[in-house]
Student: 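Take a look at the following structure, please.
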Protein chains: 2
Amino acid sequence: MAEMIHLPRSTFERLKMYRKVLEATKKPYISSDEIARFLEINPDLVRKDFSYLKCQGKPRVGYDVEELRKELDDLFGVNNTTNMIIVGANDLARALLSLDFSKAGVKVVAVFDTEKENVGKFIGEFAVRELDVLERVIRRFDAEIAALCVSKDRAQATARFLIEKGIKAVWNFTGVHLDLPEGAIVVDEDLTQSLLTIKHLLKK
Amino acid sequence: MAEMIHLPRSTFERLKMYRKVLEATKKPYISSDEIARFLEINPDLVRKDFSYLKCQGKPRVGYDVEELRKELDDLFGVNNTTNMIIVGANDLARALLSLDFSKAGVKVVAVFDTEKENVGKFIGEFAVRELDVLERVIRRFDAEIAALCVSKDRAQATARFLIEKGIKAVWNFTGVHLDLPEGAIVVDEDLTQSLLTIKHLLKK
DNA sequence: TAGATTGTTAATCGATTAACAATC
DNA sequence: TAGATTGTTAATCGATTAACAATC
């Protein structure tokens, strides 16, 4: 039922942060005020956001950390693992493999490259595969996410190919604005854009 | 003067996207409608955003791409190079070095690590330095940004140390919520949070 | 000229904050 | 009980959209 309620985008963004706060908490209960102070936001807003959840707080006590975390984990679906492929066998691919995404319920199952000469090389524990076998690998592992790490000039074409072959969501590190069919999920991780934010803030 | 006008956060975020659109444009003029279609937003919003800039469009013609880009480059300050250090000599550091941030006016000038045993090793063309010489390096290169790539358990302490020694902005890849002195700039690049967004969208 | 497009003001929509009764 | 904290409604604030005159 909770899923049927519309969750405002701004609330959704904050729910991710609350989850992070809860992870860092050792106490069994936490108040909206504590959460708000930590994130430097208004405690009213925290309570309002939680009103979209099933979870109820206790007056004078606060929210049950464990219960709240469970509901958020459920909302984000971190308890069922989603399989991810990495496309582009380079330093960025290596970096992604070195990070631990198990807390988000994401597991890397294969690494691909568009260049034939890289096929067979190892990136971490993964032998690089060629895109010819993409569809087979997607089906075999039920891979839904692709981290797109290819060069800018290959970004658009590769992304389309991934969606055609069954990938549901592209985690786009290329910095290129992707134009994909209706329904395809794209989440941009544009590092250059972040640097622009920093540069702008530095000027003040 | 334009700097003195308050720029809404939402407008700022879109200005970065407009810049990206302009980069991909070959024509000398572009209309608010073309930009809006590309980004799947309302053209009225594009014009409203541009009203915060000095740049004026021409009825029946659109906006001068070159002129607009110049103003945005100015706003973000990409024409004067800002020096950046990377802290944490690992795969992520290597990945950042492999990317080209010159378009954002950012240049890496040194790589550091908290572990003495990594000092002297090479990450790309950079010999890894120890944090003892941080202050000297910051002064010598006038480094203002630090990309924080250390492990979670060292994140908070290292970030504070960086700010103490003169770093103005922390580009935080650790996923840890940093608590830093008033005035310190933090921009979070939390990959796990992005995956939560993807996982949530996949459930629909 | 007619028509396309800008720039701006007014109307709407959504998100945040204030206020306060309910509760433990 | 008194006081702290929740949950919710109303008020405010800010951002988006609609409307339209100005312009080339």
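If you're wondering where the values come from, they're calculated on a predicted model, not measured in any experiment. Below, read A as the first sequence line, B as the second, and so on, with proteins coming before strands; counting in each chain starts at 1.
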Student: Could you give the start and end, 5' to 3', of the contact zone on DNA chain C for chain A, using atoms under 4.0 Å from its heavy atoms?
Tutor: dA15(C) to dC24(C)
Student: Among residues 22-43 of chain A, which residues get a heavy atom nearer than 4.0 Å to DNA chain D?
Tutor: S31(A), S32(A)
Student: Applying side chain to side chain donor-acceptor pair (under 3.5 Å), name anything that partners E23(B), two or more places apart in sequence or on another chain.
Tutor: none
Student: Output a table of donor-acceptor pairs, distance under 3.5 Å, between side-chain atoms of residues 83-109 of chain B and any protein atom two or more places apart or on a different chain; print 'none' if there are none.
Tutor:
| unit_1 | atom_1 | unit_2 | atom_2 | d |
| --- | --- | --- | --- | --- |
| N83(B) | ND2 | F141(B) | O | 2.6 |
| N90(B) | OD1 | L92(B) | N | 3.2 |
| N90(B) | OD1 | A93(B) | N | 3.1 |
| N90(B) | ND2 | C149(B) | O | 2.9 |
| S98(B) | OG | A95(B) | O | 2.6 |
| D100(B) | OD1 | S102(B) | N | 3.0 |
| D100(B) | OD1 | S102(B) | OG | 2.7 |
| D100(B) | OD2 | S102(B) | OG | 3.2 |

Student: Using a strict heavy-atom distance below 4.0 Å, which residues from residues 55-63 of chain B are in contact with DNA chain D?
Tutor: P59(B), R60(B)
Student: With a 4.5 Å heavy-atom cut-off, do F76(A) and L195(B) have their side chains touching?
Tutor: no
Student: Considering only heavy atoms, which members of residues 8-16 of chain B lie under 4.0 Å from some atom of DNA chain D?
Tutor: P8(B), S10(B), R14(B)
Student: State which residues pass salt bridge (Lys or Arg N to Asp or Glu O under 4.0 Å) with K165(A); sequence neighbours excluded, sorted by chain then number.
Tutor: E135(A)
Student: Is there side-chain contact between I30(A) and V21(A), with heavy atoms separated by less than 4.5 Å?
Tutor: yes
Student: Under the rule for ring-ring contact (aromatic ring centres under 6.0 Å, His included), what residues qualify as partners of Y29(A), not counting sequence neighbours?
Tutor: none
Student: Just so I know, are the side chains of I163(A) and K168(A) near enough to count as touching, which here means a heavy-atom distance under 4.5 Å?
Tutor: no
Student: Under a 4.5 Å cut-off applied to non-hydrogen side-chain atoms, are F122(A) and V111(A) in contact?
Tutor: no
Student: Tell me, with the steps shown, if E164(B) and R160(B) meet salt bridge (charged side-chain N to carboxylate O under 4.0 Å, His left out).
Tutor: CA-CA 6 Å; E164(B) 269 166 30; R160(B) 269 198 178 270; 5.6 Å; no
Student: Would you mind checking if D74(A) and K70(A) are paired as a salt bridge, meaning a charged N to carboxylate O distance below 4.0 Å?
Tutor: no
Student: Tell me, please, which residues at least two apart from F38(A) pass ring-ring contact (aromatic ring centres under 6.0 Å, His included).
Tutor: H177(B)
Student: Under the criterion salt bridge (charged side-chain N to carboxylate O under 4.0 Å, His left out), which of R14(B), K16(B), R19(B) is the partner of D49(B)?
Tutor: R14(B)
Student: Which residues pass the salt bridge (Lys or Arg N to Asp or Glu O under 4.0 Å) test with R60(A), not counting sequence neighbours?
Tutor: none
Student: Using the salt bridge (Lys or Arg N to Asp or Glu O under 4.0 Å) criterion, which residues pair with K27(B)? Sequence neighbours excluded.
Tutor: E34(B)
Student: Strictly by modelled atom types, are S151(A) and D153(A) linked by a side-chain donor-acceptor pair under 3.5 Å?
Tutor: yes
Student: For DNA chain C, just give me the dot-bracket, please: Watson-Crick or G-U, both distances below 3.5 Å, ( ) intra-strand, [ ] crossing earlier pairs, | paired with another strand, . unpaired.
Tutor: ..||||||||||||||||||||||
